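Working notes, beginning with the structure itself.
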Amino acid sequence: MPEFRLYNSLTRSIEPFAPADGATVRLYTCGPTVYNPAHLGNFRTFLFEDLLRRGLRMRGWAVEQVMNLTDVDDKIIKRATERGVSITELTNPVVETFHADCEFLRIQRAEHYPRATAYINEMIDLVKRLESNGVAYKADDESVYFAISKFPEYGRLSRLDTREIRSGARVSQDDYAKENAQDFALWKAAKPEDEACGAAWDSPWGRGRPGWHLECSAMAMTILGETLDIHAGGVDLMFPHHEDEIAQSEAATGKPFARFWCHGEFLLTDGAKMAKRVGNVSTVADLREQGVSAAALRHFVFSTHYRKQLNLSGEALEASIEAVRRVGDFSDRLARERAGNAALAEAADTLLIEATAALSDDLNAPRAIGALFEFVHASNRAFDETGSDPSALARARDAFRQINAVLDIVPDRGTDDAELAGWVESQIAARSTARANRDFVQADEVRKALEEKGIAIEDTPDGTRWKKIR
RNA sequence: GGCACCGUAGCCAAGUGGUAAGGCAGGAGACUGCAAAUCUCUCAUCGUCGGUUCGAUUCCGACCGGUGCCUCCA
């Protein structure tokens, strides 16, 4: 197998990757803030992380993944206050929706989904360590801040020149108590509205709540240890979120926080970043209503490299729906055929080599998909010829299974409805009779009736086959 | 203003210093009663202009166009 390589944002280069202990990859992925359902842009990142997870497992490594759920922050408190509910009442259903969406998209479950509110003690402990190390201070507003002037490494990940005058930058207006404008909150003093919705805890610095950045550091290190193998997230998190995580974690432990930082690019719509404030978001639910399958959406996302921006368009989505239809038909054929030939065996070997190489090369899913389609084509051609070698078929099935275990782009057939199947069979029998009598008008009417129920049929030398197409 | 990234056929997209994977759509054909599926054939000179080179889409520069980040943000 070729070396497994990943782009590391820390060094801005592609590097060979292996877990520090040689066996288990400790992976931390920044999860959603659960104040309303995640949109497709968020899910592009989660799908990228799913690809990463599956790619690592393809290599034979175990993965211990943490995806946090940020269930206390400014937006959550604001929303809870507006609705007059506690933050828990607000976030619980959103967490459920998140898991349901992930399941629909076939995103493999992480080993841990820690909620920030369950790790308050660990967060307080982290702030204490920072305080005793002299890098945290309590300001006049009773909040505790991290002093970036005490952490010379600050800015290494994002390479932002902290002294630059950012004339076009959005400037924060609500923090006055900090010693330095770039310092960030570790612990925020509680306000009355925080107390009202259950977003305040006791601490050595008084009632308050954790800062956003602190949450990830505390949960990551508590569950996975002080040095992670990989920390992943969307590119927008690079600054300040990941920069601040590095600062807090490393200032506390004196150890590197993460060996690899991996960032997924954005999903764009109408030429702009998909974001609620732009007003161009769509959700998993929206797509499901449009009849876009999980397989199609996965194909769409994986058809562009994760470090390249991807534009969501109806035309591109249609292409993925059709592409995945072809993969599904092929998958059915692979299950149906009885034997293969030398060409099939060769196609299987090529697929394994090409797709594995592509996925090992910084998760080049588009190239892997290309290899998969070349395999589909070569295999179809092989099946159209004669074949009598069951072992060739077994190799083809195995190769396809292995690569699809990473991409997971075969659409569901959803044909376990016995009643429907019975009706379809009876219709097909009626049509066969009509065809035998050369009553093609009647035969075509049956086919039309089936199509209206979402059933497509194919006449073959071995009889008529049917499949559900929607 | 600062820091990055991107610009390959109608659409999506991979890729390489030596004349461009793959998918969708389109065209022609085989198969079919007709379809569907599948197969065969077909469909680009890689934003523009310079430079380096025997040779550049691939390296360098300028320009044009697009996107993101610069403390809400996947």
Side-chain angles (χ1 to χ4, degrees), chain A residues 12 29-33 38-49 73-75 78 158-172 175 181-185 212-213 232-241 243-244 263-268 271-278 299-300 303-305 307-311 313-327 329-330 332-333 354 358 364-374 376-377 380-381 383-385 435 438-441 443-444 447 451 456-461 464-467 469:
Chain A
R12 298 202 179 181
T29 47
C30 284
T33 298
H39 60 252
L40 255 24
N42 301 309
F43 278 110
R44 183 190 181 193
T45 296
F46 302 140
L47 281 166
F48 144 59
E49 290 159 351
D73 91 321
D74 293 356
K75 278 181 194 161
K78 183 163 178 266
S158 59
R159 288 172 176 65
L160 283 181
D161 186 337
T162 54
R163 287 150 306 201
E164 196 61 54
I165 292 166
R166 300 179 303 284
S167 60
R170 286 172 281 152
V171 179
S172 167
D175 293 314
Q182 299 244 319
D183 290 352
F184 55 91
W212 174 44
H213 314 301
V235 276
D236 52 340
L237 260 34
M238 193 185 279
F239 186 89
H241 185 56
E243 202 70 77
D244 291 350
H263 293 96
E265 255 297 347
F266 281 133
L267 178 68
L268 270 41
K273 168 183 176 178
M274 181 178 284
K276 291 188 188 93
R277 68 168 178 171
V278 180
H299 173 94
F300 169 69
S303 68
T304 298
H305 187 85
R307 285 192 287 114
K308 219 174 147 186
Q309 293 177 337
L310 167 63
N311 207 321
S313 71
E315 210 172 350
L317 229 36
E318 281 303 319
S320 286
I321 290 170
E322 204 46 38
V324 132
R325 194 271 314 146
R326 183 167 154 87
V327 174
D329 281 356
F330 174 75
D332 290 345
R333 184 171 194 182
E354 296 292 326
N364 195 329
R367 219 169 87 206
I369 290 176
L372 185 70
F373 276 95
E374 282 175 345
V376 168
H377 182 243
N380 272 323
R381 191 164 47 185
F383 284 137
D384 283 353
E385 296 162 4
R435 291 179 73 213
R438 304 196 64 79
D439 183 355
F440 297 120
V441 175
D444 289 348
R447 181 165 62 197
E451 270 168 14
I457 56 175
E458 296 171 19
D459 295 324
T460 78
T464 300
R465 282 200 298 269
W466 65 279
K467 65 183 179 186
I469 52 174

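Note that the structure is a prediction, hence the values are computed from the model and not measured.
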Could you tell me the separation between the [atom1] atom of [X] and the [atom2] atom of [N], rounded to a whole number of Å?
X: Asn311(A); N: rG7(B); atom1: CG; atom2: C1'; value: 13 Å
X: Phe330(A); N: rC39(B); atom1: CZ; atom2: P; value: 10 Å
X: Asp244(A); N: rC73(B); atom1: CG; atom2: P; value: 10 Å
X: Phe184(A); N: rC70(B); atom1: CZ; atom2: C1'; value: 16 Å
X: Asp329(A); N: rG23(B); atom1: CG; atom2: C1'; value: 15 Å
X: Phe383(A); N: rA37(B); atom1: CZ; atom2: P; value: 18 Å
X: Leu237(A); N: rG68(B); atom1: CG; atom2: C1'; value: 14 Å
X: Arg333(A); N: rC39(B); atom1: CZ; atom2: P; value: 8 Å

Report which part of the nucleic acid [X] touches: base, sugar-phosphate, or nothing (heavy-atom distance under 4.0 Å, all strands).
X: Gly370(A); result: base
X: Arg465(A); result: nothing
X: Met238(A); result: nothing
X: Ile457(A); result: base
X: His241(A); result: nothing
X: Phe239(A); result: sugar-phosphate
X: Asn380(A); result: sugar-phosphate
X: Leu267(A); result: base
X: Gly41(A); result: base

[Y]/[X] salt bridge by N-O under 4.0 Å criterion:
X: Arg435(A); Y: Asp459(A); answer: yes
X: Glu458(A); Y: Lys467(A); answer: yes
X: Lys78(A); Y: Asp74(A); answer: no
X: Arg333(A); Y: Asp384(A); answer: yes

Least distance between heavy atoms, [X] atom then [Y] atom:
X: Gly234(A); Y: Thr45(A); value: N-CG2, 3.8 Å
X: Phe48(A); Y: Ala232(A); value: CE2-CB, 4.4 Å
X: Ser320(A); Y: His299(A); value: OG-CD2, 2.9 Å
X: Pro366(A); Y: His305(A); value: CG-N, 3.4 Å

Which nucleotide in the list [options] gets nearest to the side chain of [X]?
X: Phe266(A); options: rC12(B), rG68(B), rC34(B); result: rG68(B)
X: Asp444(A); options: rC34(B), rA74(B), rA37(B); result: rC34(B)
X: Arg44(A); options: rA74(B), rA37(B), rG33(B); result: rA74(B)
X: His39(A); options: rA14(B), rA74(B), rC73(B); result: rA74(B)

N/O (side chain, Lys308(A)) to phosphate O (OP1/OP2, rA14(B)) under 4.0 Å: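 True: Lys308(A) side-chain N/O within range (under 4.0 Å) of rA14(B) OP1/OP2.
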Expressed in whole Å, how much space separates the [atom1] atoms belonging to [N] and [M]?
N: rA25(B); M: rC12(B); atom1: P; result: 15 Å
N: rC72(B); M: rG68(B); atom1: C1'; result: 16 Å
N: rC60(B); M: rU16(B); atom1: P; result: 14 Å
N: rU45(B); M: rU57(B); atom1: C1'; result: 8 Å

Listing time: all N or O pairs from protein to nucleotides 24-30 of chain B that are below 3.5 Å?
none

Does Arg12(A) have more than 12 heavy atoms from other residues, nucleotides or ligands lying within 6.0 Å of its CZ?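 Yes.
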Would you give a per-nucleotide map of nucleotides 41-46 of chain B, 5' to 3', where B means the base has a protein non-hydrogen atom under 4.0 Å away, S means only the sugar-phosphate does, and - means neither? ------
Could you check which nucleotide pairs with rC49(B) in any of the strands shown, counting Watson-Crick or G-U wobble with both distances under 3.5 Å?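 The base-pairing partner of rC49(B), which may sit in any strand shown, is rG61(B).
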We want to know whether His39(A) and Asn42(A) form a side-chain donor-acceptor pair, criterion being a heavy-atom distance below 3.5 angstrom.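 Yes, side-chain donor-acceptor contact under 3.5 Å.
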